[in-house]
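The structure appears right after this line, and notes come after that.
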Amino acid sequence: MEHLVDLDAVDDEANTIVASPQRTGFLPIVTNWFDRVFVGIYLFVALELFWMRFLEQSIPLSVCHVLAIALGVLIVWRG
Amino acid sequence: MRSNRVGWLLLAPTIAILGIFGIVPFLYVLYVALHQWNPFGANPYMVYNGANNFRRLVFDNEFLTSIAFTLKFAFFAVLSEVILGYFLAQLFMREFPGRGLFRTIHTLPLIVAPIVVGSVWRLMMTPSIGIIPYLLKSWFGYDLNIGRDATMAFALTVIMDIWHWTPLVTLTLLAALVSLPKEPFEQAQIDGANRWQIFWHVTLPMIRPAILATVFIRLMDALRTVDEVWMLTGGGPGAATRYLGLHIWKIVFPKTDYGYGSATSVIVLYLTLVMCWLLYVALVARRGQKRAS
């Protein structure tokens, strides 16, 4: 016995499944949570490298860890 | 729920392959990057040294210089390939005698291995035996020697990359152009648009996804180019063509400094992803946002 698929119902179902909730925070683009985690990790690495190059002689790297994690959390939460 | 299970089942081989050949090696490289490891050195064992490799990296002038050279190389090569590739794709859209033959010949560089491309170009550019220095000398009196002239060596690596990879861009853009519907173009002509307006407001927006995909692929390739350049110039003269891939190769193979080489590789991956993401944001995400608002 063949199974008939109700294509309209499939379309309706597809319309109700949104890939991921998107929103606009302080970042200049529409993002979902993955985008914000991505941006957070990239800024974390950039900040760490910058700190090692220019600031580590005067301020310890652990300060950078705290700042970078705080920035990451802020981006994921409000970005 | 059942369809979800089938979906995951169908995805499983891809995820497994991606995990085995992509994620696991990356994690291993990350692990090695946090160690001092030179198997042929005084201490052949891995010694954990935290972020010291990365610390060494940000003060490494050779690395920073090679980043600058690589970005310059990628910019000139990719931009030229996209522009030239688009014009060639437009040319192949027209009917002319020998189009099939010309299209085949034009695609031939794609099937040549990069190492062979590098050696052939090396043979053509070697001052004593190469055809190009000979012709330049006899026609224009110009003495081409890529072993001495840094600017010319850089330019030749870009030209070689363009020669090798423009066909890929042409094929991609040709496929995009062929698949475009005729109606918007007819509509634009009826509305009195000129060729430039049709290109800018109709063609370009419609083939934007293809252009973006091509730019991403070419950008990633250009940022990790090794073999062609290694054969043509060996990274010289000086460090004029010592691009990132070549820089990593020199750290990992001749110097066998695996820890530092891994750290460099991780940062190159980081730079590549950042550049692609920025390009994506600039060309896709912001535009999508504008459309949504």
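Proteins get letters first, then strands, A, B, ... in listed order; numbering begins at 1 in each. The structure presented is a predicted model; accordingly, all values stated were derived computationally and were not measured.
Annotation: B:Tyr45, atom OH; neighbour count of heavy atoms from other residues, nucleotides and ligands within 6.0 Å does not exceed 12. Within 6.0 Å of CH2 in B:Trp230 there are 12 or fewer heavy atoms belonging to other residues, nucleotides or ligands.
The stretch residues 37-44 of chain A places A:Phe38, A:Val39, A:Tyr42 near chain B, each with some heavy atom under 4.5 Å from a heavy atom of that chain.
Only the side chain of A:Glu56 comes within contact range of chain B, judged by heavy atoms closer than 4.5 Å. With a 4.5 angstrom heavy-atom cutoff, B:Leu57 does not touch chain A via any of its atoms.
Atom CZ of B:Arg56 sits about 14.0 Å away from atom CE of A:Met52, to the nearest 0.5 Å.
The side-chain contact (heavy atoms from CB on, under 4.5 Å) test applied to B:Thr256 returns B:Asn38, B:Phe40, B:Tyr258, not counting sequence neighbours.
Among all heavy-atom pairs drawn from A:Arg53 and B:Leu64, the shortest one is NE-CD1, 4.3 Å.
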